[in-house]
Structures are given as structure tokens and as C-alpha cells.
Amino acid sequence: MSNLEEWKKLAAKESKSDTPIEKLSKDTLENIKIKPLYTQEDLKNLDYLDNLPGIDPFIRGPRATMYTGRPWTIRQYAGFSTAEESNAFYKKTLAGGGQGVSVAFDLATHRGYDSDHPRVTGDVGKAGVAIDSVEDTKVLFDQIPLDKVSVSMTMNGAVLPILANYIVAAEEQGVPSEKLRGTIQNDILKEFMVRNTYIYPPKPSMKIIADIFEYTSKKMPLFNSISISGYHMQEAGADAALELAYTIADGKEYIETAIGAGLKIDDFAPRLSFFFGIGMNFYMEIAKLRAARLLWSEVVSKYNPSNIKSKMLRTHCQTSGWSLTEQDPYNNIIRTTVEAMAAVFGGTQSLHTNSFDEAIALPTEFSAKIARNTQLILQEESGITNTVDPWGGSYFMESLTNEIANKAREIMSEVDENGGMASAIEKGLPKLRIEKAAALKQAKIDSGAEVIVGVNKYINDKEDPVDVLEIDNEKVRTHQVQQLEKIKSQRNNAEVEKALKALEKSAETMEGNTLELAVNAARVRCTVGEITQALEKSWGRYQATSQTVSGVYGKNLEKNETWMGVMEQVKTFEKNQGRRPRMLVAKMGQDGHDRGAKVIASAFADAGFDIDLAPLFSTPEEVAKQAIENDVHVIGVSSQAAGHKTLIPLLLSELKKLNAEDIIVVIGGVIPKQDYQFLLDSGVKDIFGPGTPIQESTDRVIKHILQANKE
């Protein structure tokens with residue numbers, strides 16, 4: 001009897017099951033079967049098993065010595081309130097062991113609005129730092145030596161004024177552009193797909209990217225001109241194969257854009273970088289990063305680079321925000337540790353670890369320290385850095401790396417068949433695939449098929465309160481408006497007008513380098529909003545069309561008693577009222593993260609509701625008007641960016657003004673428990689915190705509607 005046969009016999013005996021042991025495989029969301037045992041047989045026909053770190057195709061790492069020579073960079077992604085507050089946080093982080101600064105901007109800044117714009121009343125300073133001008137940027141980096149500290153900036157829509165402000169702030173700190181180190185995200189394709197903090201339509205947006213490639217390749221040789229981001233795809237619901245495939249396909253589209261603008265592959269490819277999310281599927285996440293390096297090498301090889309660094313995928317990673325739970329939140333420390341280890345074993349070049357309280361609010365200094373120390377302990381105490389890619393040659397890991405690479409190749413082929421990533425995005429293909437994956441994932445959690453400790457299994461009877469950071473939005477906005485007034489009163493308005501006219505002409509003719517023109521404008525103190533608006537005059541603001549998937553959620557809840565009960569209640573309502581219950585699902589303010597809203601819309605539709613979707617970035621006034629026009633019974637507000645205490649009272653006030661107080665308002669999302677009473681006192685009927693099973697949400701909402709109709 002062979003060793004394998006003997007193992008099967010022993011395993012069958014131990015499993016006490018009639019099912020042959022080789023059939024006890026686990027299906028992943030990526031449709032990859034994970035077997036209970038892997039052997040040398042699984043490595044047949046893999047031609048890269050002798051690949052070594054630092055050698056093309058870089059599966060085992062982009063550098064030969066990896067962490068044995070230099071550990072990954074520890075970053076903390078943070079930004080809140082004013083530039084002064086964020087600067088103080090960065091300095092503490094660097095003093096405590098952080099090795100780079102990662103800037104989170106508020107949503108007003110992301111969307112190219114100054115803080116005094118009426119559309120951003122509830123967004124200023126809430127989910128990041130408010131930046132209106134060079135003066136704010138100088139304060140943000142005060143006493144942080146920009147020639148020594150690597151700066152990563154998560155910015156896409158308003159990338160021109162923000163990068164220009166950074167360049168000018170460094171100049172005035174005495175640091176020339178050629179010494180600047182760091183990364184600008186600058187990944188607009190994923191914005192059109194999932195995150196939605198775009199400003200301009202796709203064509204001019206891609207021109208901006210080409211202009212940034214050109215400018216940085218000439219003047220900022222140490223700076224990464226783009227961070228091609230899968231992270232937000234994963235946060236929006238993409239499984240590992242979709243995230244991997246679409247991220248690499250985005251990279252290919254950016255190469256085509258740069259070459260189309262007259263650049264050669266080696267002019268810009270060595271400074272392209274990537275950004276992946278790391279979730280709780282430990283082995284899959286390691287395999288994903290290894291496969292990413294293989295696939296990127298394959299893609300770039302077709303452009304015949306002469307510089308080997310052009311084919312080398314370097315990546316930043318961030319632990320998942322979506323995997324964090326409001327329930328039993330200290331469990332999130334363990335989740336983040338598991339995800340951090342997966343990123344490190346996968347060979348990331350830098351890492352941000354999320355704080356345990358980020359499912360509830362912005363991280364506190366206490367929680368951020370734990371997140372940072374998680375990385376320090378991994379680097380300094382665990383011994384993880386003592387060897388390069390310990391997974392090399394593993395029967396399981398090498399097989400899984402190959403399988404996820406093949407899955408990604410299939411998805412990338414579909415993209416190519418649709419004319420490339422830009423064309424596929426215009427057709428809505430990637431967005432639809434990701435939204436289906438998100439609905440499936442949520443259904444598996446709500447049905448109990450996928451366990452989340454503290455949410456659908458091992459649930460606490462009582463939750464201990466957690467201290468959270470709260471930003472006084474009104475105070476921040478007042479401060480920013482005062483700063484804007486001061487800048488505008490002190491600058492040379494003739495120079496401002498000249499700089500803005502140059503930007504307007506560039507947008508109109510599609511000629512000239514827009515980053516160079518934005519730098520000129522920043523020097524004379526044009527604001528973020530003014531630079532954005534100068535280009536917007538010709539390019540306009542892009543407005544995406546919304547669609548929802550159907551059937552995916554409901555199909556997975558067919559045996560759930562609560563879910564079936566909801567469907568019966570909906571049928572009863574329709575029979576009695578002559579129409580189905582109708583809900584408007586809305587996001588207000590400038591928050592473009594619409595995973596929750598889309599999953600809710602899809603699930604409620606599967607339960608039998610008529611669903612309307614408010615356009616992204618709606619104001620409370622616009623939502624109220626749409627609700628009345630569509631004659632809805634309930635408005636379901638999705639909140640993630642902490643603007644609910646400002647925006648919800650405005651919505652309720654508007655409904656009252658329009659004599660529509662009978663419309664029920666409910667809210668779900670990232671809402672701290674201490675805000676619940678304020679919202680209920682304001683007139684909100686119900687609140688659904690993170691992790692609330694959707695079948696429970698549908699049940700409570702239909703009961704509210706039935707009760708209202710009785711009254």
C-alpha cells in the first residue's frame with residue numbers, strides 16, 4: 001500500500017464519514033476547491049517552481065533578500081479633522097515606530113470641493129483631513145522632513161490639486177521634487193468601478209493620469225506615480241480572483257494610456273506600484289500576492305521592457321476594513337493580526353493595519369497604537385523576517401498560487417474580449433461581477449454558512465462600550481472657511497486668474513500638462529476647489545448610472561424562517577394595499593462607498609420590495625424630493641462616513657417642510673452606539689448597525705410599514 005493510500009484509509013477512519021476523504025474539499029468564493037491534502041502530484045506541470053526571490057517572474061518576492069535585508073515599511077493610514085490635528089498624529093506615529101505617512105483626505109477634498117461648498121456641509125473633516133490649499137498642506141507636513149519620510153496619499157479624483165499642493169509645500173520646506181519619496185494613488189479606473197470618488201468623465205481622467213506619469217518620470221524619479229488598487233474592490237465585495245484580475249487589468253490599461261501619450265514602457269513602469277486588500281482567507285491572500293507578481297510580469301513582458309524593474313510588481317497592503325465587526329470589537333485585533341501575517345507571508349513592501357474600532361468610528365490614539373504595535377511585534381519578535389518566502393515549494397501554496405492565477409487569467413480574458421478595462425467599466429461588467437460577489441458573501445454570512453465570530457456565532461449577551469473618536473464637523477468647517485477667507489484676501493488675484501485660465505484652456509484643448517499647470521496654480525494659492533472647477537468647466541462632473549443584481553441574496557436564504565416570513569408579510573401588504581412596499585435607498589453627502597447600499601437594495605428587492613436608488617452624492621433636499629416623487633413608504637439611508645448627525649436631521653427637516661413626515665426614515669451602516677439616541681430623538685424609526693443580518697432588517701422594516709399603515 002502506498003503512503004497516499006494509507007493516508008486515505010486513516011483519514012476516512014478518523015473522519016467517521018462515508019464520503020471518500022478526497023471529496024471532502026471546501027469550495028471558496030472564487031470557485032477554487034481546497035483539498036484536505038496536497039502532494040507532489042499537485043505540482044506537476046508547474047514550470048516556475050525553481051523561481052527564486054528577486055528573479056523574474058518574482059513569485060517569491062520582488063527583492064532577492066526581502067525582509068532578511070529590510071523589513072516591510074510600517075504605515076498608518078490616517079487623517080482627520082484639520083491639518084493641525086493630523087500633523088500631531090503623524091508625528092506621534094513616527095516617534096512610536098511608524099516608518100511612513102499615509103494620508104486620508106476627507107470626502108469634500110476627494111471630490112474637489114472646498115470646505116465652504118454647500119454640497120459638503122456634513123463631510124468636512126469627518127472621514128479624513130480637510131485640505132483646501134497649499135497652506136493646509138504645509139501645516140499637514142510641518143516638521144516632517146519630506147526628503148526623508150515617505151508619504152503615501154490616497155487621492156484619485158482631486159489628484160491634480162492635492163499632488164500639486166504636496167510638491168509646492170515640499171518646495172517651500174526646501175525639498176526639491178527629485179528628492180520626494182512616496183506614492184500617489186491616482187487610480188481612477190477603480191473609482192469608476194467601486195469607490196466612486198471620481199470627478200471627471202473617464203477620458204479626461206485618463207489624460208490626467210498620463211500627465212502625472214510624464215511629469216513624475218521627468219521631475220520625481222523616486223516617487224511612485226500610481227498605486228493600482230485592488231483594496232477598494234475587495235472592500236466593495238470582490239473575491240480574491242476578481243480583485244486580482246481587475247487590478248492587473250487596470251495596470252495594463254494604464255500602460256496603454258501612457259504609451260498612447262508617447263511614453264516608453266521603461267519611462268514609467270518601474271515607478272508603478274500596487275495596493276491590495278488583505279482579508280481573512282489566510283492562504284488565499286498569500287497566494288493572491290504571489291500570483292499578482294507572476295501575472296504582472298506576464299503583462300509587462302509583452303511590451304518588451306529593457307529594465308527588469310518594469311516587470312517587478314511592488315505592493316502596499318492594508319488589512320480589511322470590511323472584516324471588522326461592531327459586535328465584540330476586540331475580536332478585530334485578532335482579525336487584523338491574521339490579515340497582517342497573510343500580507344507579510346505574501347511579500348508586501350509596506351503595510352497598514354486597521355484599528356479594531358474602525359467598524360464603529362475613526363480610530364482613537366489608543367486603538368491606532370495597538371494596530372501599529374501589531375506590525376512592530378511581527379517584525380521584531382516573531383522571527384517572520386528571518387527567511388525569504390517560507391512558502392516556496394509548499395505543495396498547497398504553489399498549487400493555490402497557480403489556481404488563483406488561472407482564475408484571474410480567465411477574468412482578464414473576459415475583460416480583453418470587451419475591449420479592455422476602460423471599455424469593460426463603461427459597460428458596467430466589473431461592477432456587476434463585484435456586486436454579485438458582495439451579495440453572495442452577505443447571504444452566506446446571514447445564512448450562517450460562513451461564520452463570523454461574535455456576529456452569527458458565539459454571540460455576546462451584552463456588548464461592552466468602546467470609546468470612539470468623534471469629530472466636531474461644524475467646528476472643523478468653520479476653521480477651514482476662515483482659512484479660505486484669509487488666503488483669498490492675501491493672494492495676488494491677477495496671478496490666480498492667469499493660472500486658472502491656463503487650466504481652463506488645457507481642459508478645453510486637451511493640450512498641455514495638467515499637473516504642471518496645477519503646480520503653477522498652487523504656487524499662487526489657487527484652492528483645491530478652484531483648480532477642480534477650472535477643469536470642470538469643459539469636462540463636467542461624471543454621474544454614474546446605478547443598477548442592482550437580483551436573485552443572488554434571496555436564493556441563499558430560501559430555508560431561513562425569518563426571510564420566508566418577510567416574504568409572506570410583503571405579499572400580505574401587496575394584497576391589502578394593491579402595491580408592494582417601496583423603499584428609496586440613499587447615500588447622502590460625498591461618500592461613494594456603496595457596497596452596503598447596493599447589497600441592501602438587492603436583498604430587499606429579492607424580498608419583494610420595490611426599490612429606488614438615489615443617485616450617489618445626493619443632498620438631503622434631493623433625497624426628500626425623490627422620495628416624494630416616487631411615493632415611497634420608507635427611506636433607507638446608508639451611512640459610512642460619519643456624516644449622519646448632520647445629514648439625517650437635514651433630511652427629516654426637509655420631509656417636514658414638504659409635508660411628508662409620514663415617510664419612514666431608517667439608517668444603517670457605521671454608526672456609533674452613542675449616536676443612536678440622538679438619531680432616534682431626531683425622528684429616525686430604526687437603526688441597523690454593522691453586522692445586522694439583512695433578513696432581520698427586512699423584517700423590522702416591513703413591520704414598521706405595516707404599523708404605519710394601521711395608524
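These values consider heavy atoms only, across backbone and side chains, with no hydrogens, waters or symmetry-generated copies. Here, residue 1 is the first one in the sequence, and each next residue gets the next number.
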When every non-hydrogen atom of S150 is compared with those of G182, the smallest separation belongs to OG-CA, 3.6 Å
Taking everything shown except E508 itself, do over 12 heavy atoms lie less than 6.0 Å from its CD? no
Using a cut-off of 6.0 Å, state whether more than 12 heavy atoms not belonging to K264 lie near its atom NZ. no
Taking N156's backbone N and O only, do any of them form a donor-acceptor pair with N186's side chain (distance below 3.5 Å, no angle check)? no
Using modelled atom types and a 3.5 Å cut-off, is there a donor and acceptor pairing between side-chain atoms of S205 and backbone atoms of P201? yes
For the pair T197 (side chain) and D591 (backbone), establish whether a donor and an acceptor sit closer than 3.5 Å, ignoring hydrogens and angles. no
Treating R293 as the side-chain partner and F58 as the backbone partner, does any N or O pair qualify as donor plus acceptor under 3.5 Å? yes
Ionic contact status for K138 with D142, cut-off 4.0 Å: no
Indicate yes or no for a side-chain donor-acceptor contact from Q173 to the backbone of F141 under 3.5 Å, with no hydrogens or angles considered. yes
State whether the side chain of S217 and the backbone N or O of E214 hold a donor-acceptor pair below 3.5 Å, judged by distance alone. yes
Got a sec: does the CD of Q533 have more than 12 other heavy atoms crowding it under 6.0 Å? no
Answer whether the closest heavy-atom distance between the side chains of Y113 and L107 falls below 4.5 Å. no
Carboxylate-amine/guanidinium proximity below 4.0 Å for K486 and E135: no
Which label fits F268 and F213: parallel for a plane angle under 30°, tilted from 30 to 60°, or perpendicular past 60°? parallel
Spacing of L160 atom CG and I208 atom CD1 [to the nearest 0.5 Å]: 4.5 Å
For N354 and G321, which heavy atoms make the closest approach, and how far apart are they? ND2-N, 3.3 Å
Kindly determine whether V528 and F105 satisfy side chain to side chain contact (heavy atoms under 4.5 Å, CB included), including the steps that lead there. CA-CA 12 Å; V528 168; F105 297 94; over 6 Å; no
State, without any angle test, whether E339 and S320 hold a side-chain donor-acceptor pair at a distance under 3.5 Å. no
Any idea how W72 and Y67 line up, ring-wise: parallel (<30°), tilted (30 to 60°), or perpendicular (>60°)? perpendicular
For the residue pair L189 and E253, establish whether any side-chain heavy-atom pair is separated by less than 4.5 Å. yes
F89 ring centre to R372 NZ or CZ under 6.0 Å, with the angle to the axis within 45°? no
For the atom pair CD (E298) and NZ (K311), what is the distance rounded to the nearest 0.5 Å? 10.0 Å
What is the distance from atom CE of M155 to atom OH of Y166, rounded to the nearest 0.5 Å? 14.5 Å
In terms of heavy-atom contacts, D211 and L515 come closest through CB-N, 4.5 Å
Would you say the side chain of T183 lies within less than 4.5 Å of the side chain of F275, judging by non-hydrogen atoms? no
Between H110 and E191, is a side chain to side chain contact (heavy atoms under 4.5 Å, CB included) present by the stated rule, with each step listed? CA-CA 11 Å; H110 271 289; E191 296 296 327; over 6 Å; no
Would R290 and T401 count as having a side-chain donor-acceptor pair, cut-off 3.5 Å? yes
Should L222 and L180 count as side-chain neighbours, where that means a heavy-atom distance under 4.5 Å? no
Strictly below 4.0 Å, N to O, side chains only: are E256 and K252 in salt-bridge contact? no
Do any N or O atoms from the side chain of R60 and from the backbone of D50 form a donor-acceptor pair under 3.5 angstrom? no
Is it the case that over 12 heavy atoms from other parts of the model lie below 6.0 angstrom from the CZ atom of R63? yes
Could you verify whether a donor N or O on one side chain and an acceptor N or O on the other, from T109 and D106, lie under 3.5 Å apart? yes
Tell me if a side-chain donor or acceptor on R525 pairs with a main-chain N or O of N492 at a distance below 3.5 Å. no
Stepwise, does the side chain to side chain contact (heavy atoms under 4.5 Å, CB included) test hold for N307 with I265? CA-CA 9 Å; N307 184 349; I265 188 71; over 6 Å; no
Donor on one side chain, acceptor on other, D266 and S306, under 3.5 Å: yes
Nearest heavy-atom neighbours spanning S506 and L517: CB-CD1, 3.5 Å
For residues N87 and Q143, is any side-chain donor paired with an opposing acceptor at under 3.5 Å? no
Here the gap from H316 atom NE2 to Q185 atom CD, rounded to the nearest 0.5 Å, amounts to 9.0 Å
Scanning both residues in full, the closest heavy-atom pair of L500 with A534 reads O-CB, 3.8 Å
Closest non-hydrogen atom pair between A291 and L244, with its separation: CB-CD2, 3.9 Å
Distance check, rounded to the nearest 0.5 Å: M153 atom CE versus T137 atom OG1? 9.0 Å
Taking 4.0 angstrom as the limit, do E495 and K498 come out as a salt bridge? no
Please answer whether the main-chain N or O of A169 pairs with a side-chain N or O of N165 as donor and acceptor at a distance below 3.5 Å. no
Between S367 and T364, does any side-chain donor sit less than 3.5 Å from a side-chain acceptor? yes
Can T73 and R75 be counted as having a side-chain donor-acceptor contact under 3.5 angstrom? no
Quick one: does D187's side chain get under 4.5 Å of H232's, heavy atoms only? no
Test Q234 against E285 for side-chain hydrogen bond (donor to acceptor under 3.5 Å, both in side chains), laying out the working first. CA-CA 11 Å; Q234 185 182 104; E285 296 294 4; 3.1 Å; yes
Between E85 and A83, is there a donor-acceptor pair closer than 3.5 Å when you use the side chain of the first and the backbone of the second? no
Check whether any side-chain heavy atom of H352 lies under 4.5 Å from a side-chain heavy atom of S102, and answer yes or no. no
Just wondering, are more than 12 heavy atoms of other shown residues or ligands nearer than 6.0 Å to CD in E365? no
Taking it one step at a time, do I278 and Q318 satisfy side chain to side chain contact (heavy atoms under 4.5 Å, CB included)? CA-CA 6 Å; I278 305 294; Q318 181 173 339; over 6 Å; no
Report the relative orientation of the aromatic rings in W391 and F345; use parallel for angles under 30°, tilted for 30 to 60°, perpendicular for over 60°. perpendicular
Sidechain N-carboxylate O distance under 4.0 Å for D123, R111: no
If only side-chain N and O atoms count, and only distance matters, is there a donor-acceptor pair under 3.5 Å linking T527 with D114? yes
Counting heavy atoms not belonging to K369, are there more than 12 under 6.0 Å from its NZ? no
Close side-chain approach of M341 and L378, heavy atoms under 4.5 Å: yes
Nearest 0.5 Å, what's the NZ-CD distance between K218 and E516? 8.0 Å
Would you say the side-chain atoms of D132 and Q483 include a donor-acceptor pair closer than 3.5 Å? no
With heavy-atom distances below 4.5 Å as the criterion, would you say the side chains of Y198 and I188 are in contact? yes
